[in-house]
Asks: 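First the structure, which I've put down as structure tokens, then a few questions once you've had a look.
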Amino acid sequence: MFEIVEKKQLAQGTICMFKVMAPRIARKTKPGQFVILRANEKGERIPLTVAEAHPTEGWIRIYFQVVGKTTAMLSLMEPGDAIKDVIGPLGLPTHVEKWGTVLCVGGGLGVAVLYPVARAFFEAGNYVIAIIGARTKDLLILEDEMRAVCNELYVTTDDGSYGHHGFVTDVARKILQERKDVKMVMGIGPVPMMRFLCKTTEPFGVKTMVSLNPIMVDGTGMCGACRVRVGGETKFCCVHGPDFDGHQVDFDELTKRLAMYVPQERMAYDKFKAEVGAGGGR
Amino acid sequence: MNAKDPGPGKQKKERLPRQPMPEQPPRERIKNFREVPLGYTVEQAMAEASRCLRCKKPGCVPGCPVEVDIPGFISLICEGKFFEAAAKIRETNSLPAVCGRVCPQEDQCEKGCVLGKKWEPVAIGRLERFVADYDRTYGRFEMPAMDPPTGKRVAVVGSGPAGLTLAGDLIKKGHEVTIFEALHEPGGVLIYGIPEFRLPKEIVNAEVNYLKRLGVRIETDVVVGKTVTVDELLEEEGYHAVFLGVGAGLPVFMNIPGENLCGIYSANEYLTRSNLMKAYLFPEYDTPIAVGKNVVVLGAGNVAMDAARTALRLGAETVRIVYRRSRQEMPARAEEIHHAEEEGIIFELLTNPVRFIGDERGWVKAMECVRMELGEPDSSGRRRPIPIPGSEFILETDMAIVAIGTMANPLIPSTTPGLETNRWGYIVTDETGRTSKEGVWAGGDIVTGAATVILAMGAGRKAAKAIHEYLMSK
């Protein structure tokens, strides 16, 4: 059992942060790695990236968005409650080196995943330019935290309520046009965002890494649920990833595979909402 | 069975026919996940036991990888001493209820039975199952003889058959034993792989609980190689020896076009969803599983039979086993093939998949196959299947399960300096399971490649003996 010691609601309650006691995992986690979590005895196993790990205090910080039954159930848990299973750290850590100038692009919940990576790049001595976006101002997360770990921060909102009116890719294109010294782009966010980011950076010939989040079961290479096509080859995201060269990723296949259980997910979520009452899970 | 019945009036004790075991009828059982064979009654077990000739030089015992005293436990059944019979088996086999169900007895103990030369062999597996179940249901837990504490600590990585056997042996020798399991439940393949209808999970849990009562500690959710490394167990956590019984868990795919379409599973994923995650009870349990209408299963081993029979129980209309060789080469146990056929699984033999065809949503809708013929024997001694030109055809399907084998997971070798592996990634050991790394043993599928439960148990037993000697000499 893994105790929740702190909880915070962000982005108008659509995103939830937990600080969870997991001493073994906290000791080993590096930026870019994830955990698999199971809320209770009947729960499914879902992967969540670790946003921060404290090796001596023994806790990890995770963020999730309420999108279905499991995340709705989790969002109802409170400090003092315990998550049945947390397994990790899984996947390969993000490759960090001193490239010079790097561009970090995050959208929605992806900003929480981007944060430890941007920090690692920053601490490695890179000049970090970050672009973070959300649909609207109130849904933007971790702006202050991001600002503290980068040299330049740009904010975008789809509706123009804050920062640049438009998408993160607009700003990314502008930056790549203006400065030729960007050596590496890291993009983390919803699949459509990562896909368009890769399309945007491709003509500039800048290496673009993305962190993928396909459906997983065990997370240790045992099942192959998370297979993704990268450069024409099948990779298991849980052991070969989650970071891949975005210009090589078959986003079309990834999108279709992510939709594999949509009818069941919808059914389970509706049933859950009916059980906990109107507005349940939120 | 009755063909070998000596007929009325001529019945001698040893000529009693092999006692059949009652089973759920096929039509009924394909609608549920309950166990198929129902087990012997006391009367049936005693009748079957009475068939044993108690050979001076038994042919059955050498066939058993853990050398159970088979005539010994069968004699005890004849005397009605069922608890004693169970204890007799437990002297060398820590998982009798499991082995009585999943061992390939026809290739092991029962193959050597003298009665089998002329008639039918004693149903050793069914008798083993009977006493183990009787003991679990009616027996009282009694602590076995335990040696005094040695102060030595052993870490066991993986809680499958090899790890459980080794843990049981070493705890009785007075060592402190901790099992680390990567998944959230202990049991390894017995939990995630073998379906409920072939091995009820309650039995595995009972075996695990038995070990816990003996004092074995089990830490689930620990992925050795990630959460903690072998070196950290030895150097920082104070373990004096480590046993690696992690299995061969990586699924092998066909590597043909379209294999990543939705609706195509590895057998590992399909069975893990159904067995470990209980997706067959969705939505009571949260893990979903796709329900195919026309399912194809690629491969013809025990895992393929398990996947095919699971698909049927989840509601498939047709389930086909697609296998590139002929019936004789199918690696599954005869009993599994028989059960699958009884349940209406269709066998497409001498057939090989060429590619999968998808619909606009990215789901599989058909599989192109080619018919095969058998040519000259290959390096494995089996006749090589060769495609027949022009025999390609399309099989409509909305779900495919790839059950063509597994490989070694590189997680531990890649994070354990000094641990030697062979070119397929399996860990190299001597006959006692000792690896190239001081204080580290390995056994089961991670050494041999995918094999059976009982062989993994045998490896666990041997390594336990070697680790005990190592610890006591230090």
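The model shown is predicted, which means the values in this text are computed figures rather than measured ones. What you see below is based on every heavy atom in this structure, not just the backbone, and it leaves out hydrogens, waters and symmetry mates. All chains are named by letter (A, B, ...) in the order of the sequence lines, taking the proteins before the strands, and each is independently numbered beginning at 1.
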Asks: Once rounded to the nearest 0.5 Å, what's the spacing between atom CE of A:Met260 and atom CD1 of B:Ile264?
Replies: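 One gets 9.0 Å once the value is rounded to the nearest 0.5 Å.
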Asks: What residue, out of B:Thr406, B:Val402, B:Thr229, B:Ile289, has the most heavy-atom pairs lying under 4.5 Å from chain A?
Replies: B:Ile289
Asks: Would A:Lys84 and B:His184 satisfy side chain to side chain contact (heavy atoms under 4.5 Å, CB included), going step by step from the backbone distance to the final call?
Replies: CA-CA 9 Å; A:Lys84 184 84 176 59; B:His184 55 259; over 6 Å; no
Asks: Heavy-atom pairs under 4.5 Å with chain B are the metric here; pick the option from A:Gly224, A:Ala268, A:Gly88 that has the most.
Replies: A:Gly88
Asks: Please tell me if the side chains of B:Phe282 and A:Met267 come closer than 4.5 Å, counting only heavy atoms from C-beta onward.
Replies: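 They are in side-chain contact.
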Asks: What part of B:Thr227 is in contact with chain A, defined as an atom under 4.5 angstrom from a non-hydrogen atom: side chain, backbone, both or neither?
Replies: both
Asks: Select, from A:Cys223, A:Gly68, A:Ala39, the one with the greatest count of heavy-atom pairs under 4.5 Å involving chain B.
Replies: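 The answer is A:Cys223.
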Asks: Select one option (side chain, backbone, both, neither) describing which atoms of B:Lys278 are under 4.5 Å from chain A's heavy atoms.
Replies: neither
Asks: Which atom names give the shortest non-hydrogen contact between B:Pro251 and A:Met222, and what distance separates them?
Replies: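 That would be CD-O, 3.2 Å.
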Asks: Between A:Arg229, A:Gln33, A:Glu253, which shows the greatest number of heavy-atom pairs under 4.5 Å with chain B?
Replies: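 Among A:Arg229, A:Gln33, A:Glu253, the one with the most close pairs to chain B is A:Glu253.
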Asks: What do you reckon, is NZ of A:Lys30 surrounded by more than 12 foreign heavy atoms closer than 6.0 Å?
Replies: no
Asks: What's the spacing between A:Thr234 OG1 and B:Asn260 CG if we round to 0.5 Å?
Replies: 4.0 Å
Asks: Do you know which of A:Gly221, A:Pro263, A:Ala259 has the most heavy-atom pairs under 4.5 Å to chain B?
Replies: A:Gly221
Asks: Who wins among B:Pro410, B:Ala267, B:Pro288, B:Pro283 for the most heavy-atom pairs under 4.5 Å with chain A?
Replies: B:Pro288
Asks: Counting heavy-atom pairs under 4.5 Å to chain B, which of A:Arg227, A:Arg257, A:Arg27 comes out on top?
Replies: A:Arg227
Asks: Does a side-chain N-to-carboxylate-O contact under 4.0 Å join A:Lys28 and B:Glu232?
Replies: yes
Asks: Ignoring hydrogens and geometry, is there a side-chain-to-backbone donor-acceptor pair from B:Lys226 to A:Ile25 under 3.5 Å?
Replies: no
Asks: Rounded at 0.5 Å granularity, tell me how far CZ in A:Arg38 sits from CD in B:Glu185.
Replies: 7.0 Å
Asks: Going by the angle between their ring planes, with limits at 30° and 60°, are B:Phe253 and A:Phe236 parallel, tilted or perpendicular?
Replies: perpendicular
Asks: Check the pair B:Tyr285, A:Glu44 against side chain to side chain contact (heavy atoms under 4.5 Å, CB included), reporting the backbone distance first and the verdict last.
Replies: CA-CA 8 Å; B:Tyr285 281 73; A:Glu44 61 180 333; over 6 Å; no
Asks: Which one, A:Val86, A:Thr70, A:Val239, leads in non-hydrogen pairs under 4.5 Å with chain B?
Replies: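 Highest number of heavy-atom pairs under 4.5 Å: A:Val86.
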Asks: Which atoms of B:Tyr270 are under 4.5 Å from chain A, going by heavy atoms: the side chain, the backbone, both sets, or neither?
Replies: neither
Asks: Counting only heavy atoms closer than 4.5 Å, note whether B:Leu261 contacts chain A via side chain, backbone, both or neither.
Replies: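 Only the backbone of B:Leu261 comes within 4.5 Å of chain A.
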Asks: Where does B:Leu271 contact chain A at under 4.5 Å (heavy atoms): side chain, backbone, both or neither?
Replies: neither
Asks: Is it true that, when you exclude A:Lys256 itself, more than 12 heavy atoms of the residues, nucleotides or ligands shown sit nearer than 6.0 Å to its NZ?
Replies: yes
Asks: Given a strict heavy-atom distance threshold of 4.5 Å, which part of A:Leu258 is in contact with chain B: side chain, backbone, both, or neither?
Replies: neither
Asks: Using 0.5 Å steps for rounding, measure from the CG atom of A:Asp218 to the CD atom of B:Glu269.
Replies: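 Output value for this atom pair is 9.0 Å.
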Asks: So, A:Arg45 side chain and B:Met277 main chain: donor-acceptor pair closer than 3.5 Å or not?
Replies: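 Side chain of A:Arg45 to backbone of B:Met277: no pair is present.
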Asks: Measuring heavy-atom distances to chain A, does B:Val222 have an atom under 4.5 Å in its side chain, in its backbone, in both, or in neither?
Replies: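 B:Val222 touches chain A through side-chain heavy atoms alone.
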Asks: Does the side chain of B:Asn409 come under 3.5 Å of the side chain of A:Thr220 through a donor N or O and an acceptor N or O?
Replies: no
Asks: Just how far is it from atom CG of B:Leu183 to atom CD1 of A:Ile87, taken to the nearest 0.5 Å?
Replies: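 Output value for this atom pair is 7.5 Å.
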Asks: Charged N to carboxylate O below 4.0 Å: is that the case for A:Arg24 and B:Glu237?
Replies: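 Salt bridge present between A:Arg24 and B:Glu237.
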Asks: Between B:Arg273 and A:Ala225, what is the shortest heavy-atom contact and its length?
Replies: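 That would be NH2-CB, 4.4 Å.
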Asks: Can you measure from CG (B:Asp286) to OH (A:Tyr269) and round to the nearest 0.5 angstrom?
Replies: 13.0 Å
